[in-house]
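By convention in this document, chain letters (A, B, ...) are assigned in the order of the sequence lines, proteins followed by strands, and residues within each chain are numbered from 1. Small disclaimer: the values here were computed from a predicted structure and weren't measured.
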Amino acid sequence: MSDNSPIPSRWVQPLQRRTFLRVTGASAASAALILAGCSTDTPEPVEADPYLLTLQASEDGVVNLAYYLSQVQAAVYQKVVDAPPTDFTAADRSFFNDLRDHAIVHRETLKYSLTTAALPVLTITTTSLTLTTRTGALAAAKQLEDLAAASYLYIIPLLSTQATQTLLLKISSVAARHSAAVRDLISPGSFADDDVVEASGANAGQAIAKTATDVVAVLAPFAAPYIISTVNLPTA
Amino acid sequence: MNFFQIIDKLAEVDPDTLGRFDSRRAIFSSLGDVAKRTALAASPLFLGALFQKAYAGETGTKATAVEVLNYALTLELLEADFYRLFLAANTIPTGAPTAAITKIKQHEDAHVTLLAGTNGTGGAIRGAGGTPVSGVRFKTSAFPSTYAQQLVVAQVLEDTGVRAYKGRAGELLGTDLLTVALQIHSVEARHAAHIRTMRGQRAWVNPSDDLAADPAYNSGVTGTTNTNTPFGYTIPAYMGPSKIENNVTQSSVNLTSDLGTTYLTADAAAAFDEYLQAAEILDASRAGGLVM
């Protein structure tokens, strides 16, 4: 698939009015509403950006965020499996094989569950990573698995149907296991360090969540030139 | 920011504004993540207050949440007591292994505090109008004498915890407490992964585990089921055996054959962790049999 593959028209959607209010902030929005009352201008039509993929304002949009993440994971791990760093041990190779296999199963399961609402299959660019050394490959896996484990804490409460919630719950703990395991490979005993689990305070012992915005920010280089937008996603 | 004034403002131009919020909880949620995070960061006491506010008038949901949280607390107390015994047994090698078990114990203690508060005050359960269970101890006669066997119990307990949170998270769907439960669930999975690594096993549940035959990775109950626990709360009726951990069917789709490409049973099974119902977790063959 080339970078210029046509994207189904359902992916090109205008910013919704409610989303606009949310994005601009409620107080700014109320000012805008007053101004809108005084204005007679008809807004100029905005041309749709062919590289903008806006996640749906529904459960599908939320599941697509997980699907997008699994697309990136599967592509990165496949690259490592295809050309393992020369300093990889046999155990490292087996570890990345498992990560790759799990990511592909997650990706295909999520795609299947989304049917026609699934995000297009993206061409994943991995040039932002160093996958030719053990250190680089493990750092990439840590970044992606930490992100997955943290983002499911944000994604799952946004789901409205129990069946979807159950499906993603079953993936979420495997993501946390991956994250803990890759951390232990990089630095033994770092499976639940302070940057992923709150060490003190009222939330001590709780995993730290990452939002949809955090996810698309980290993944942006992998999907270029496409931009995945979260503006329409439900937030609660 | 006067949030309700803004709601009124919006209502002037859009009479349906108030109709768009289904409950006070939704209004609170609409304050956005920063506000929510700040609220959660305040204290477990505040968390409880928030929950009471969210569920004013929804007593059925609130009672269910208290039962789910007390069930979670039962398992956290069991784990915390197990790690207390583990550290006291003087079998753990110094250095990394002791550091890891100490850290896991700290997390379990923190989970107990989050749910039950400290010194008889605070905690999510009181905040939701309930009384936290207490007195759950690990059965000393079930505590093994060797380090290797103690790690086996630790792995089984952690993997059981992961399955237990999954089994009841659905009952918290739509409440602010779901996120808290997920945050604990995720940490239990990290513990399980590390204990497995300490034991030389893969970090995820898979069909070639040395403990694959343990009841923790299977399902069903061994005796008669009772919906009332010895700790005074009600658990949902047993609905028949849950999926076992080497299950390859998700959402009625056989992942090894129905996804267009064929996938190995081991990968399809390991890619998903399964849940267990409360009746299965509290069965004598699993965590229930480890309670004093």
Query raised in the report: With a 4.5 angstrom heavy-atom cut-off, which part of B/Ala270 approaches chain A: side chain, backbone, both or neither?
Result: both
Query raised in the report: About how many Å separate CG of B/Asp273 and CZ of A/Arg177, when rounded to the nearest 0.5 Å?
Result: 4.0 Å
Report summary line: Assert top hit (heavy-atom pairs under 4.5 Å, partner chain B, pool A/Tyr152, A/Phe95, A/Tyr112) equals A/Tyr112
Report summary line: Under 4.5 Å to a heavy atom of chain A? For B/Ile104 that would be side chain
Report task. Would you confirm whether A/Glu145, through its side chain, and A/Val182, through its main-chain N or O, come within 3.5 Å as a donor-acceptor pair? Result -> no
Query raised in the report: A/Ser200 versus chain B, heavy atoms under 4.5 Å apart: side chain, backbone, both or neither?
Result: neither
Query raised in the report: With chain A, which of B/Leu264, B/Asn206, B/Val205 has the greatest number of heavy-atom pairs at distances under 4.5 Å?
Result: B/Val205
Report task. Report yes or no: does B/Asp209 contribute a side-chain atom to a donor-acceptor pair with the main-chain N or O of B/Gln201 at less than 3.5 Å? Result -> no
Query raised in the report: What class does the angle between the rings of A/His106 and A/His178 fall in, given that below 30° is parallel, 30 to 60° is tilted and above 60° is perpendicular?
Result: tilted
Query raised in the report: What part of B/Ala96 is in contact with chain A, defined as an atom under 4.5 angstrom from a non-hydrogen atom: side chain, backbone, both or neither?
Result: neither
Query raised in the report: Does atom NZ of A/Lys79 have more than 12 heavy-atom neighbours from other groups under 6.0 Å away?
Result: no
Query raised in the report: Side chain, backbone, both or neither: which part of A/Glu108 has an atom under 4.5 Å from a heavy atom of chain B?
Result: both
Query raised in the report: Are any side-chain N or O atoms of A/Ser190 and backbone N or O atoms of A/Arg183, one a donor and one an acceptor, separated by less than 3.5 Å?
Result: yes
Requested in this report: Please look at A/Ser113 and chain B and tell me whether the side chain, the backbone, both or neither of the residue comes under 4.5 angstrom of a heavy atom of that chain.
Outcome: neither
Query - Atom group of A/Pro157 that falls short of 4.5 Å from chain B, counting heavy atoms - result: both
Query raised in the report: Which of these passes side-chain contact (heavy atoms from CB on, under 4.5 Å) with B/Leu73: B/Leu69, B/Leu75, B/Leu77?
Result: B/Leu77
Query raised in the report: Is it the backbone or the side chain of B/Ser186 that comes under 4.5 Å from a heavy atom of chain A, or both, or neither?
Result: both
Report task. State plainly whether the residues B/Arg190 and A/Asp193 are in salt-bridge range, i.e. N to O under 4.0 Å. Result -> no
Query raised in the report: Side chain, backbone, both or neither: which part of B/Arg163 has a non-hydrogen atom closer than 4.5 Å to chain A?
Result: neither
Query raised in the report: So what's closer than 4.5 Å to chain B heavy atoms on A/Leu159: side chain, backbone, both or neither?
Result: backbone
Query raised in the report: Do any of residues 253-261 of chain B come closer than 4.5 Å to chain A, heavy atom to heavy atom, and if so which ones, in number order?
Result: B/Val253, B/Leu255, B/Asp258, B/Leu259
Query raised in the report: Among A/Leu153, A/Thr164, A/Ile156, which has the most heavy-atom pairs under 4.5 Å with chain B?
Result: A/Leu153
**Report entry** Region of B/His185 in contact with chain A, defined by heavy-atom distances below 4.5 Å
**Finding:** side chain
**Report entry** SB check A/Lys210 A/Asp146 (cutoff 4.0 Å)
**Finding:** no
Requested in this report: Please name the pair of heavy atoms, one in A/Leu169 and one in B/Lys166, separated by the smallest distance, quoted to 0.1 Å.
Outcome: O-CE, 3.2 Å
Query raised in the report: Between A/Asp92 and A/Thr89, do the side chains contain an N or O donor and an N or O acceptor separated by less than 3.5 Å?
Result: yes
Query raised in the report: So which heavy atom on A/Gln143 is nearest to which on A/Phe222, and how close?
Result: OE1-CZ, 4.4 Å
Report task. Examine the side chains of B/Glu274 and B/Gln250 and answer whether a donor and an acceptor come within less than 3.5 Å of each other. Result -> yes
Query - Distance-only donor-acceptor check, side chains B/Glu188 and B/His111, under 3.5 Å - result: yes
Query raised in the report: Who wins among B/Asp109, B/Ile184, B/Asp159 for the most heavy-atom pairs under 4.5 Å with chain A?
Result: B/Asp159
Query raised in the report: Which region of B/Tyr263, side chain (C-beta onward) or backbone (N, CA, C, O), has a non-hydrogen atom less than 4.5 Å from a non-hydrogen atom of chain A, or is it both or neither?
Result: side chain
Report task. Heavy-atom pairs under 4.5 Å with chain B are the metric here; pick the option from A/Ala192, A/Ala181, A/Ala175 that has the most. Result -> A/Ala192
